[in-house]
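Note: hydrogens, waters and symmetry copies are ignored here, and every other heavy atom, side chains too, is used.
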Amino acid sequence: MIELDGLSRTYQIGDEPVHALVDVTERIGRGEHVAIMGPSGSGKSTLLHLVGCLDRPTSGSYRFEGREVATLDEPELDRLRRERFGFIFQAFHLIARLDGTGNVELPMVFAGVPRSERRERAQAALAAVGLAARAGHRPSELSGGERQRLAIARAIAMRPAVLLADEPTGNLDTRSGNVVLDLLDRLNDEGLTVLVVTHDPRVAHRADRTLILGDGEIVRRARREELATALVEWGLGAEAHR
Amino acid sequence: MSGRDLLAYAGRALAGHRLRSALSLLGVAVGIAAVVLLTALGEGARRYVVDQFAQIGSSFVAVVPGKTDTVGGIPGIGGVPNDLTLADARALERAIPEALYVAPFVVATDTVARGEKRRRVMVAGVTPEFQDLRRLRVASGRFLPAGDLERGASVAVLGAGLARELFGSDDPVGDVVRIGGRRCRVVGVLAARGQQMGLDIDDIALVPVATGMRMFNRSTLFRIVIDVGPGADLDQVVERARAVLIERHGEEDVTLITEAAVVASLSGILGALTLAVGAIAAISLAVAGIGILNVLLVAVAERTAEIGLLRAVGASRRQILGCFLAEAVMLSGTGGALGLAGGAVAVRVLVGLWPALPAAPPPWAIAASVALSLVVGAVFGWLPARRAAALDPVEALAGH
């Protein structure tokens, strides 16, 4: 489903080129649950943005569902983001002036989904994350965990194929973090492909496998049972357990 | 994304900053109200003038002594013009047989006295046709009698105000007044009417034209008015009248004015003035537009992360552009609507204070106000909206 071949992304900061991602080659299949770890600045988020078509690679090839993304024009990329990807962010990115339903409906509003269907699908998405009773509340009236669940409801409202989560539990305490992770697991069980960028080994532990990045390259691929060893090897366990 | 959804989204965003939004749309409202009010004033002045002329109709040709419409000419310079005489009036009557009447008249300010009561008023030497010409109604007695044009009886018709001041509640008809030292019998009193073309019909004394010329010691008429009735070819009448007078005077020393031409040119001048005043008021809309520009630039800066999110959920650049343009146009459009309402109220107050002025914004000004307010939003919203649409989604999500 996601095929990356020699993917690189270079930024220009001042005169200096920054190699955020270097020659990444990877295959991620439908329904997989993959974690991406690595120290700050290792290119985790850049990889997630490239996969989610928010950013374009400098070189290399990215095929999504068999189509070469580099050949797609902007409206087609917009359509992919709208219909195939759901994003979840550490900072939630909820819109304060809209209530729960309003936030969940947002992608559907821009996709032109008719009003009545929108309402119905928003209710279903809110029910799926256990927030049916909080639909009329604004983000400021919700707890951190509820906010992230609301963001997940928004991400799944358009019934995407891939869920892209950037530090989804980074702003949450352990208990509400676990509720969010359980939810992601459940969505994955229901067939959604899930990609999670995280610092937290407990989050990565939920994934089938983990890609460890260092300086823009994939330095290690670890299945769940190898994760603990791999993290110690790359000095990431200690940081996460602080 | 449907238009309704776009407006709802933009409206919510604006409602999130009520004060800021209200202040920026107030700017537009003031600008539009100014356009409405000032054009209403200009249009009122234009209508006032046109109405005044309409009261006396437009099938007239006026003959005035002296050449006033030559290039840069000042009347009287380059030779003293010949007198315009009652004989000229009669010649015109013969040359233009289809004329309803040819009314010569003469005007001066003089003293009208009855016993100790004296009033200095406008005294006009006229013919009986003057009654039709000015659509005058006689309240008591009758108008000046028809008779030999050149003889001039010592009779007078008084305006309502003048009659009241000189006679109080007594009936002046049959009584005698002295006008410029000459005894005249009052034969009639006009019905009260008020101002007309700058001539106070209530404060006037009318005498036969020949009487007036002797009274004022004038050899020339003030003017001769020819009424050819509706539907006549005025230009052709003007040419014939001009020819007759050139022949009689040996040179072109009169000016022929058609009232229609006067009304048209005055109306044109005042219309242009209204447009100019409206345009000046519209400049204030540019200031209001800068207010909108500022509010939207702040909004884009504040909502950078929101823009990033919208791109992440699949909103296109065009949709982002549309959202911010919609906000700008909603601000300016609402401001425009408020301005129209405010302007309408101001015009009504003005008309209440000054009923004589038929002030009303011309339709083109209202249409232009609506269009202008929307254009202001679109023009000044364009830059911030472009900026929002051009944001890189990844950077926007990071909040910078």
Query - Atom group of A:Phe85 that falls short of 4.5 Å from chain B, counting heavy atoms - result: neither
Query raised in the report: Cut-off 3.5 Å, side chains only: do A:Thr25 and A:Asp5 have a donor facing an acceptor?
Result: no
Query raised in the report: With a 4.5 angstrom heavy-atom cut-off, which part of A:Glu83 approaches chain B: side chain, backbone, both or neither?
Result: neither
Query - Worked check of side chain to side chain donor-acceptor pair (under 3.5 Å) between A:Asp166 and A:Gln90 - result: CA-CA 6 Å; A:Asp166 197 348; A:Gln90 178 173 5; over 6 Å; no
Query raised in the report: Which answer fits A:Leu54, side chain, backbone, both or neither, if we ask what part of it has an atom under 4.5 Å from a heavy atom of chain B?
Result: both
**Report entry** Min side-chain heavy-atom separation A:Val109-B:Met1 under 4.5 Å
**Finding:** yes
Report task. Measure up the A:Phe110 and B:Tyr9 rings against each other and bin them: parallel (under 30°), tilted (30 to 60°), perpendicular (over 60°). Result -> perpendicular
**Report entry** B:Leu6 versus chain A, the contacting section by heavy-atom distance below 4.5 Å
**Finding:** neither
Requested in this report: Could you tell me which portion of A:Arg79 (side chain, backbone, both or neither) has an atom closer than 4.5 angstrom to a non-hydrogen atom of chain B?
Outcome: neither
Report summary line: Cut-off 4.5 Å, heavy atoms of chain B, and the answer for A:Arg56 is neither
Report task. Please examine the side chains of A:Glu217 and A:Asp23, heavy atoms only from C-beta on, and report whether any two atoms are closer than 4.5 Å. Result -> no
Query - Which portion of A:His49 sits near chain B, non-hydrogen atoms under 4.5 angstrom - result: side chain
Query raised in the report: Does one side chain, of A:Arg30 or A:Thr193, offer a donor that lies under 3.5 Å from an acceptor on the other?
Result: no
Query raised in the report: Which atoms of A:Leu98 come close to chain B, meaning under 4.5 Å heavy atom to heavy atom: side chain ones, backbone ones, both, or neither?
Result: side chain
Query raised in the report: Which atoms of B:Arg318 come close to chain A, meaning under 4.5 Å heavy atom to heavy atom: side chain ones, backbone ones, both, or neither?
Result: neither
Query raised in the report: If you draw the axis of the six-membered ring of A:Phe64, does the NZ or CZ of A:Arg67 fall within 45° of it and under 6.0 Å from the ring centre?
Result: no
